[in-house]
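What follows is a set of notes on a single structure, which appears directly below.
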Amino acid sequence: DGTWRSPVAHLNGVQGAAGSNPAVPTRRKRKARRPRIAAVGLFSLGSTASRRNGMKSESGLLKFGIAVPVIYFGTLIVVPLLLYPGYDHRTQYVSELGAAAAPHPAVFNFAIIACGLSAILGGIGIAMALRRVTGSRVAGALAGAAIALWGVAIVMAGFFPMPNELHNAFGLAMILQFAPLFSLIAVWKVEKVAWLKWLLAAVFQVSGALFAMMMGVGRMVRVADVGYWQRAYAVSSILWVGVLAWVLHSRLRAASPASA
């Protein structure tokens, strides 16, 4: 039939391949493509609806991220003011508000667990929103994961108050230190947010320096003022999470198909 088969191909039942002078034509007529206007229109409608639903979910999760510093610092102010007479912010750790020796430890621990859960949900929302707003998959996912894992550590701190060995959550909270750096990488190419980039860069450096001091570098932290140092570190490492979540939430609202 003019078609050549190799011995191996013949034994395996493979269809013959045409040689230099094939007996069968090599050109085939192309079928005219039908217009897909209707399909494209349906896809566009579906894409818009899916995008709107995705933005709605992300916006809801980002609200938990905004709530993280509100819950944390609100608890840190209200609980000692109303429920822990004599508590000294200068010399005592934050976790002492939930220790067994505290007057009402359950109130603080429940609030801290709520803060941790908000961080977990907010971290997921930040990862999703960073991907949508900036197009960054890896850096955005790492930033959101770091925040969410910090939330896991905070939940564990609430479930296992001092002096329980699990209170430190195996040091998992330290991963938050890298979240501003990952966030900075994610938003690096985004326009009109220069102030946010400066904030993230400053947070990464300042919180890193304070963390090193808390670990004993420079021997600047003393027992007499350890509480102040811990609170300074908390401000530098937690407050920005709410700011980033708020910025992303505002961006999603501005880009929502409903607002267009």
Side-chain angles (χ1 to χ4, degrees), residues 65 67-120 122-123 146-181 183 199-244:
V68 168
V70 176
I71 298 174
Y72 185 90
F73 292 108
T75 303
L76 184 56
I77 294 172
V78 173
V79 171
L81 183 64
L82 301 179
L83 302 176
Y84 199 145
Y87 180 82
D88 191 347
H89 286 280
R90 179 181 179 182
T91 61
Q92 292 183 267
Y93 287 99
V94 174
S95 295
E96 293 184 51
L97 292 169
H104 303 280
V107 176
F108 175 82
N109 291 326
F110 283 142
I112 286 299
I113 291 173
C115 179
L117 293 175
S118 295
I120 295 172
I147 295 170
L149 289 174
W150 176 79
V152 172
I154 295 301
V155 170
M156 289 185 65
F159 272 114
F160 305 102
M162 291 177 62
N164 193 304
E165 294 181 356
L166 295 177
H167 180 73
N168 291 326
F170 311 104
L172 194 61
M174 292 187 292
I175 198 171
L176 183 65
Q177 191 61 48
F178 300 98
L181 176 61
S183 301
L199 174 65
L200 293 172
V203 165
F204 177 66
Q205 296 179 59
V206 173
S207 62
L210 289 172
F211 177 79
M213 293 177 187
M214 290 291 295
M215 293 293 101
V217 176
R219 298 182 179 180
M220 297 181 64
V221 180
R222 302 172 300 172
V223 177
D225 56 10
V226 65
Y228 284 168
W229 284 98
Q230 188 187 33
R231 282 148 185 78
Y233 175 70
V235 170
S236 68
S237 62
I238 299 175
L239 188 60
W240 72 273
V241 174
V243 175
L244 177 61

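Here, residue 1 is the first one in the sequence, and each next residue gets the next number. No experiment lies behind these values; they were computed from the predicted model shown.
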Evaluate Ile147 against Leu176 for side chain to side chain contact (heavy atoms under 4.5 Å, CB included), listing each step before the verdict.
CA-CA 6 Å; Ile147 295 170; Leu176 183 65; 4.1 Å; yes
Go through the structure and list residues passing side-chain hydrogen bond (donor to acceptor under 3.5 Å, both in side chains) with Arg231, not counting sequence neighbours.
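So Arg231 forms a side-chain hydrogen bond (donor to acceptor under 3.5 Å, both in side chains) with Tyr87, His89.
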With sequence neighbours excluded, tell me which residues meet side-chain hydrogen bond (donor to acceptor under 3.5 Å, both in side chains) with Ser95.
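So Ser95 forms a side-chain hydrogen bond (donor to acceptor under 3.5 Å, both in side chains) with His167.
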Contacts table for residues 199-208: side-chain donor-acceptor under 3.5 angstrom, sequence neighbours left out:
residue	atom	partner	partner atom	Å
Gln205	NE2	Ala201	O	3.4
Ser207	OG	Gln177	NE2	2.8
Ser207	OG	Val203	O	2.5

For residues 102-118, dump all side-chain donor-acceptor pairs below 3.5 Å to protein atoms at least two apart in sequence or in another chain.
residue	atom	partner	partner atom	Å
Asn109	ND2	Gly98	O	3.1
Asn109	ND2	Pro105	O	3.1
Ser118	OG	Ala114	O	3.0

Got a sec, which residues hit side chain to side chain contact (heavy atoms under 4.5 Å, CB included) with Ala173, two or more places apart in sequence or on another chain?
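Expected list: Trp150, Ala153.
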Qualifying side chain to side chain donor-acceptor pair (under 3.5 Å) pairs with a residue from residues 208-229, counting only residues at least two apart or across chains
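Counting only pairs at least two positions apart or across chains, the side chain to side chain donor-acceptor pair (under 3.5 Å) contacts touching residues 208-229 are Arg222-Asp225.
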Quick one: do Ile120 and Ile154 satisfy side chain to side chain contact (heavy atoms under 4.5 Å, CB included)? Show the steps, please.
CA-CA 10 Å; Ile120 295 172; Ile154 295 301; over 6 Å; no
Please identify each residue that fulfils ring pair (Phe, Tyr, Trp, His ring centres under 6.0 Å) with Phe160, with sequence neighbours left out.
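By the ring pair (Phe, Tyr, Trp, His ring centres under 6.0 Å) rule, Phe160 matches no residue at all.
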Do Met174 and Phe211 come within less than 4.5 Å of each other through their side chains, counting heavy atoms only?
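The answer is yes; the side chains approach within 4.5 Å.
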Taking side chain as C-beta onward, heavy atoms only, is Val235 less than 4.5 Å from Phe73?
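A side-chain contact under 4.5 Å exists here.
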Distance-minimising heavy-atom pair for [X] and [Y]:
X      : Y      : result
Ala169 : Met156 : CB-SD, 3.7 Å
Ser237 : Trp240 : O-NE1, 2.9 Å
Leu210 : Ser236 : CD1-OG, 3.6 Å

To the nearest 0.5 angstrom, please state how far the OG1 atom of Thr91 sits from the CD atom of Gln230.
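So the OG1 of Thr91 and the CD of Gln230 are separated by 11.5 Å.
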Suppose the criterion is salt bridge (Lys or Arg N to Asp or Glu O under 4.0 Å): which pairs have a residue in residues 81-98, not counting sequence neighbours?
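Of all non-adjacent pairs touching residues 81-98, none passes salt bridge (Lys or Arg N to Asp or Glu O under 4.0 Å).
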